[in-house]
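Data first, discussion second: the structure below is written as structure tokens.
In the text below, chain A, chain B and the rest are named by the order of the sequence lines, each starting its count at 1.
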Protein chains: 2
Amino acid sequence: MQADSTPADRAPTDRTPIELGDVLHDLDRTGHLPLYHQIATRLREAIADGTLPTGSRLENEVALAERIGVSRPTMRRAIQDLVDRGLLVRRRGVGTQVVGARVHRHLELSSLHEDLTRSGHATTTQVLRHELVPASPAVASQLGIAPGAPVLYIRRLRLSDGVPLAVLENHLPPGLSDITPEQLEEQGLYAILRNRGVSMRVARQTIGARAATRDEAPLLGIAAGAPVLTMTRVVFDDSGASVETGSHCYVPDLYTFEITLVER
Amino acid sequence: MQADSTPADRAPTDRTPIELGDVLHDLDRTGHLPLYHQIATRLREAIADGTLPTGSRLENEVALAERIGVSRPTMRRAIQDLVDRGLLVRRRGVGTQVVGARVHRHLELSSLHEDLTRSGHATTTQVLRHELVPASPAVASQLGIAPGAPVLYIRRLRLSDGVPLAVLENHLPPGLSDITPEQLEEQGLYAILRNRGVSMRVARQTIGARAATRDEAPLLGIAAGAPVLTMTRVVFDDSGASVETGSHCYVPDLYTFEITLVER
DNA sequence: TAGTGGTCTAGACCACAGC
DNA sequence: CTGTGGTCTAGACCACTAA
């Protein structure tokens with residue numbers, strides 16, 4: 001009858017805030033990590049390890065700021081970070097409460113390769129195609145270059161623990177067309193780009209579904225016409241220039257997208 | 001006001017910042033709308049209508065704040081709002097640039113019904129089922145109630161301009177189980193909830209794909225086994241309590257999810 | 001009424017990019 | 001070097017909630 005990870009057993013009468021002096025002690029004030037970031041990280045850890053249980057209340061932000069010796073805006077920014085992630089809920093006149101203790105990774109600007117290795121899976125990649133092609137009008141428009149300009153087209157099969165997971169198609173603009181198949185077998189595209197100093201900042205994604213083509217089905221080990229989950233993406237860097245455009249399809253039994261939305 | 005803001009010398013190059021005195025004039029300082037929100041809205045409009053073209057630069061935030069008579073943090077917060085939406089890109093030591101002028105709606109806490117009517121489609125709903133059922137362990141866990149407690153189960157077919165678009169299944173906790181089929185035919189679930197004073201704050205969504213069941217296929221006008229796009233969702237209110245859980249499937253040719261991610 | 005978060009101000013110093 | 005955004009401070013007043 002008891003499910004201790006659900007909000008069901010949250011005691012509405014539990015009004016005493018959790019003591020956070022221990023969690024937030026000893027911040028690094030000389031290093032290069034912003035204070036608000038250090039505080040937010042500690043709070044996230046406290047929620048993850050149960051120090052701040054689901055439904056518990058935080059001290060008010062003014063007292064919290066005083067306790068650890070930062071200004072109120074700094075403490076506020078840290079708390080807001082967790083609110084944006086959907087871990088805390090704030091109500092004026094009431095206080096700040098923990099929403100959920102469950103593990104939840106925010107959908108972020110990461111690649112499939114990074115997602116998999118972070119979750120402890122052995123990732124392998126087969127480069128199916130790797131060639132310079134003239135940019136189609138659609139690709140040229142997405143990359144912000146002239147149609148017909150040479151772009152690097154790559155097509156990869158991504159496996160997790162030996163099981164086919166996704167077919168990844170990407171187009172890269174001329175400045176990045178010297179990436180080699182060997183690099184792509186070794187690491188994810190995003191790791192390669194980051195190592196080259198490319199700073200990816202904004203990604204626009206569209207998620208949908210369709211039937212697997214006769215070409216994709218044998219690669220993914222599914223029947224032709226079976227459903228696949230699709231994601232197309234255009235990534236922009238610091239200066240607003242397109243860095244990469246991708247069109248991927250995933251085996252739906254093995255991959256889903258998780259998103260947390262917060263009303264501000 | 002300023003000597004350097006004469007319209008004559010405004011050159012629309014990439015280097016010279018765009019004059020924003022006109023866009024940001026006459027803010028309402030007495031009303032209930034926060035200043036940063038008013039500023040952010042005007043900036044979004046300026047990008048949408050081309051006053052701030054793609055690639056153009058903004059004045060630096062200190063000057064901008066002075067020009068319209070707000071503090072720097074207030075102006076900064078307004079600009080950050082657009083950065084979070086993927087409309088602006090900022091680089092330390094360089095400046096702030098417009099990324100894209102294209103129309104783009106942020107994925108937000110809205111319902112399918114609201115999405116459709118906002119984009120000008122005629123929306124109709126058929127209530128297929130509407131009954132009190134004992135909560136399964138999975139639903140009970142999501143809603144944070146005891147297994148077996150009575151929950152309202154509804155199943156609807158949503159049509160856009162007369163074309164079947166999605167099958168929507170939802171479970172509602174005991175406090176909301178008096179919603180009637182008539183209400184559900186007339187308006188979206190979210191509109192009903194908002195009218196009842198429910199404040200939805202956090203939604204956790206999972207997007208995937210699967211084959212349509214023999215049950216769903218005729219409703220959606222597709223073949224059994226054809227791909228459908230799926231979304232399951234749990235919504236929480238102000239206090240962190242679950243408000244609703246839904247399991248929807250969409251015709252993939254007619255519906256996709258769009259998301260903008262921003263690296264902070 | 002007391003306590004909470006929401007907003008706003010007017011400064012300060014720093015890190016980084018480009019000339 | 002100058003100019004930019006990134007961070008941080010120490011206050012202030014207000015709106016809302018609950019007792």
Side-chain angles (χ1 to χ4, degrees), chain A residues 12-18 27-40 57-84 88-98 197 199 201 237-240 262-264, chain B residues 4 14-18 27-41 57-84 88-98 197 199 201 237-240 262-264:
Chain A
T13 54
D14 184 7
R15 299 225 159 265
T16 58
I18 301 287
L27 297 170
D28 174 20
R29 300 186 112 86
T30 66
H32 305 298
L33 278 84
L35 274 177
Y36 70 86
H37 188 270
Q38 296 180 49
I39 298 170
R57 265 193 66 208
L58 265 65
E59 266 184 292
N60 75 71
E61 63 186 28
V62 179
L64 222 38
E66 265 179 17
R67 180 186 298 281
I68 67 171
V70 300
S71 69
R72 185 183 168 197
T74 299
M75 175 57 71
R76 190 175 168 71
R77 179 161 179 182
I79 293 175
Q80 189 60 41
D81 186 278
L82 274 76
V83 172
D84 290 342
L88 295 179
V89 165
R90 321 193 75 183
R91 277 181 294 170
R92 187 191 310 208
V94 180
T96 305
Q97 257 185 323
V98 179
S199 63
R201 286 289 280 275
D237 71 3
D238 269 347
S239 66
V262 178
E263 189 93 338
R264 301 211 194 192
Chain B
D4 62 348
D14 291 341
R15 288 273 172 207
T16 58
I18 301 287
L27 297 170
D28 174 18
R29 300 187 112 85
T30 66
H32 302 85
L33 279 82
L35 275 176
Y36 71 87
H37 188 269
Q38 297 180 49
I39 298 170
T41 300
R57 265 191 66 207
L58 265 65
E59 266 184 294
N60 75 73
E61 63 186 27
V62 178
L64 221 39
E66 266 180 16
R67 181 186 298 280
I68 67 172
V70 300
S71 68
R72 186 185 166 195
T74 299
M75 176 56 73
R76 189 173 170 73
R77 177 161 181 181
I79 293 175
Q80 190 60 41
D81 186 278
L82 277 76
V83 172
D84 290 342
L88 295 179
V89 164
R90 323 192 74 182
R91 277 180 294 170
R92 188 189 310 208
V94 178
T96 305
Q97 256 185 322
V98 179
S199 64
R201 285 290 278 277
D237 71 2
D238 267 349
S239 67
V262 178
E263 189 92 340
R264 299 214 193 188

Tell me the interatomic distance from [X], atom [atom1], to [N], atom [atom2], rounded to whole angstroms.
X        : N      : atom1 : atom2 : result
Leu27(B) : dC8(C) : CG    : C1'   : 14 Å
Ile39(B) : dT7(C) : CD1   : P     : 13 Å
Gln97(A) : dG5(C) : CD    : P     : 11 Å
Arg76(B) : dT9(C) : CZ    : P     : 15 Å
Arg29(A) : dT7(D) : CZ    : C1'   : 13 Å
Glu61(A) : dC8(C) : CD    : C1'   : 14 Å
Leu82(A) : dG5(C) : CG    : P     : 14 Å
Asp28(A) : dC8(D) : CG    : P     : 11 Å

If you take all heavy atoms of [X] and [Y], which pair is closest and at what distance?
X        : Y        : answer
Ala65(B) : Met75(B) : CB-CB, 3.8 Å
Gln38(A) : Leu33(A) : NE2-O, 3.0 Å
Ala40(B) : Leu82(B) : O-CD1, 3.6 Å

Asn60(A), nearest nucleotide to its side chain (from dG5(C), dT9(D), dT9(C)):
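For Asn60(A), the side-chain atoms sit closest to dG5(C).
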Which nucleotide, dG6(D), dT4(C), dT7(C), lies nearest any side-chain atom of Arg77(B)?
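When the side chain of Arg77(B) is considered, dT7(C) is the closest of dG6(D), dT4(C), dT7(C).
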Please tell me if Tyr36(B) has a side-chain N or O lying less than 4.0 Å from either OP1 or OP2 of dC8(C).
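No, no such contact exists.
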Does Ser71(A) place a side-chain N or O at less than 4.0 Å from the phosphate oxygens OP1/OP2 of dG11(D)?
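For dG11(D), OP1/OP2 do not have a side-chain N/O of Ser71(A) under 4.0 Å.
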Please examine the side chains of [Y] and [X], heavy atoms only from C-beta on, and report whether any two atoms are closer than 4.5 Å.
X        : Y        : value
Arg90(A) : Arg76(A) : yes
His37(A) : Arg77(A) : no
Val98(A) : Leu58(A) : yes

Distances under 3.5 Å between protein N/O atoms and the N/O atoms of nucleotides 13-17 of chain C, please, pair by pair.
from	atom 1	to	atom 2	distance (Å)
dA15(C)	O4'	Arg92(B)	NH1	2.8

Only counting residues at least two apart or in another chain, list the ones meeting side-chain hydrogen bond (donor to acceptor under 3.5 Å, both in side chains) with Asp238(B).
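Counting only residues at least two positions away or on another chain, Asp238(B) forms a side-chain hydrogen bond (donor to acceptor under 3.5 Å, both in side chains) with Ser199(B), Arg201(B).
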DNA chain D: Thr96(B) or Val70(A), which has the more 5' nearest nucleotide?
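That would be Thr96(B).
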